[in-house]
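Here is the structure we will look at, set down as structure tokens.
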Amino acid sequence: MNTNKLPYLKEFPNSQGYFGKFGGSFVPEEIAKQMQEINEAYNLIAQNSDFIAELRKIRKHFQGRPTPIYFAHNLTQKYKGAGIYLKREDLNHTGAHKLNHCMGEGLLAKFMGKKKLIAETGAGQHGVALATAAAYFGLECEIHMGEVDIAKEHPNVVRMKLLGAKVIPVSFGAKTLKEAVDSAFEAYLKDPINSMYAIGSVVGPHPFPKMVRDFQAIVGIESHEQFLEMTGELPDIVCACVGGGSNAMGIFSGFIDDCVKLVGVEPLGRGSKLGEHAASLTYGSEGIIHGFNSIMLKDSKGEPASVHSVASGLDYPSVGPEHAFLHSISRTDVTTISDKEAIRAFFELSRIEGIIPAIESSHALAYALKIAPDLKGKKILVNLSGRGDKDIDFVVENYGYGE
Ligand SMILES: *Cc1c(COP(=O)(O)O)cnc(C)c1O
């Protein structure tokens with residue numbers, strides 16, 4: 001490695017939140033001021049040893065970190081090729097990687113003297129993780145959720161309420177994620193002094209893509225060390241599913257300065273026609289959405305297109321700006337996996353290894369299973385971003401118990 005160069009994570013983004021031409025902050029003035037304050041507070045505590053110690057303690061004793069890496073010996077034997085390893089983010093408290101950044105955001109809100117955390121949620125995963133953080137830190141929590149999603153995701157609505165969050169039904173427009181974002185932003189603007197908008201992925205205006213990545217980087221830092229200890233070398237390929245891109249940026253962060261191939265797996269849904277998938281990097285073009293410049297899927301009017309994936313956590317018409325950048329400089333590869341392939345991997349991991357994965361994570365696994373047979377002697381590390389408990393009713397209703 002070139003020793004004159006800053007490590008990647010220190011070099012990107014720049015002070016304005018740019019990863020190359022992607023990122024930045026495209027928001028009204030009143031929000032820009034808040035983002036500036038959040039950025040300053042974050043830069044302050046990120047260097048502070050008390051904050052770092054507190055976050056370490058939370059990760060170890062509340063979240064259950066470090067999560068293990070597991071060698072999927074049955075799958076590896078069956079597919080007769082590359083060794084398949086899983087980073088077990090499904091074992092995180094609340095069942096997914098999202099708590100990694102929600103606890104960080106909660107701690108930051110507490111430090112800034114905020115009283116309330118506000119966010120939107122689609123399927124309810126981010127809402128549950130944030131409500132958990134709010135309960136831990138003694139903060140109020142307000143989660144905006146479309147009425148369509150409330151009807152669909154009943155167990156997560158119950159979880160959020162049990163955790164003490166207020167669930168605000170959003171009843172305009174399509175009554176799903178996009179409207180929930182609008183509604184949450186409106187609520188935030190009413191009281192930006194006492195509340196903090198907590199974004200659920202590496203998206204949104206600066207500093208969120210950087211901050212969420214930094215909080216998620218623990219996944220990659222642990223993985224680097226664990227993989228070396230386990231096998232004596234680094235993996236050849238690291239892959240992760242990409243919705244907004246937080247779990248992928250988390251694990252990629254641990255290997256970005258190494259000679260390791262990094263692959264983001266996007267949801268191909270029902271096919272490559274616009275509206276049938278949510279593969280933003282694969283099929284999208286440059287554009288501004290939700291306060292940042294990135295690659296997005298647009299309709300004929302240039303508005304965010306409607307998207308589909310069987311995994312509701314991957315159902316987003318854009319992607320974090322850092323992914324757009326890393327793909328544009330060819331540091332990462334991007335590929336797609338269909339609904340059908342993801343569901344097949346879901347059944348496979350459940351039955352063969354005894355681990356029921358989230359349908360989101362099943363996309364990354366499906367990619368590993370696809371390439372493993374031709375890569376004998378290599379090692380693939382899959383970020384298993386979450387567990388599938390939330391998905392079992394949906395899967396069984398729509399696909400039975402597999403073949
Ligand atoms: C939300 C979610 C995702 C997608 O979000 P990213 O920001 O792309 O990581 C992936 N897996 C699980 C289990 C999720 O809950």
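All ligand and atom numbering here is 1-based and tracks the order in the structure.
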Under 3.5 Å: donor-acceptor pair, side chain of T336, backbone of P267
no
Could you pull out the closest heavy-atom pair between N100 and F215, with the gap in Å?
O-CB, 3.8 Å
Is there a side-chain contact between H290 and V203, using heavy atoms and a 4.5 Å cut-off?
no
Minimum heavy-atom separation for G244 and V202, please, with both atom names.
O-CG2, 3.4 Å
What are the polar N/O contacts of ligand 1 with the protein below 3.5 Å, with distances?
from: ligand 1; atom 1: 7 (O); to: S201; atom 2: OG; distance (Å): 2.6
from: ligand 1; atom 1: 7 (O); to: G245; atom 2: N; distance (Å): 3.2
from: ligand 1; atom 1: 7 (O); to: S246; atom 2: N; distance (Å): 2.7
from: ligand 1; atom 1: 7 (O); to: S246; atom 2: OG; distance (Å): 2.7
from: ligand 1; atom 1: 8 (O); to: G243; atom 2: N; distance (Å): 2.8
from: ligand 1; atom 1: 8 (O); to: G244; atom 2: N; distance (Å): 3.2
from: ligand 1; atom 1: 8 (O); to: G245; atom 2: N; distance (Å): 2.7
from: ligand 1; atom 1: 9 (O); to: H97; atom 2: NE2; distance (Å): 3.0
from: ligand 1; atom 1: 9 (O); to: S246; atom 2: N; distance (Å): 3.4
from: ligand 1; atom 1: 9 (O); to: S246; atom 2: OG; distance (Å): 3.2
from: ligand 1; atom 1: 9 (O); to: N247; atom 2: N; distance (Å): 2.8
from: ligand 1; atom 1: 9 (O); to: N247; atom 2: ND2; distance (Å): 2.8
from: ligand 1; atom 1: 11 (N); to: S385; atom 2: OG; distance (Å): 2.7
from: ligand 1; atom 1: 15 (O); to: K98; atom 2: NZ; distance (Å): 2.7

Can you confirm whether the side chains of K87 and T67 place a donor and an acceptor under 3.5 Å from each other?
yes
Taking atom CZ of R344 and atom CG of L349, what is their separation to the nearest 0.5 Å?
12.0 Å
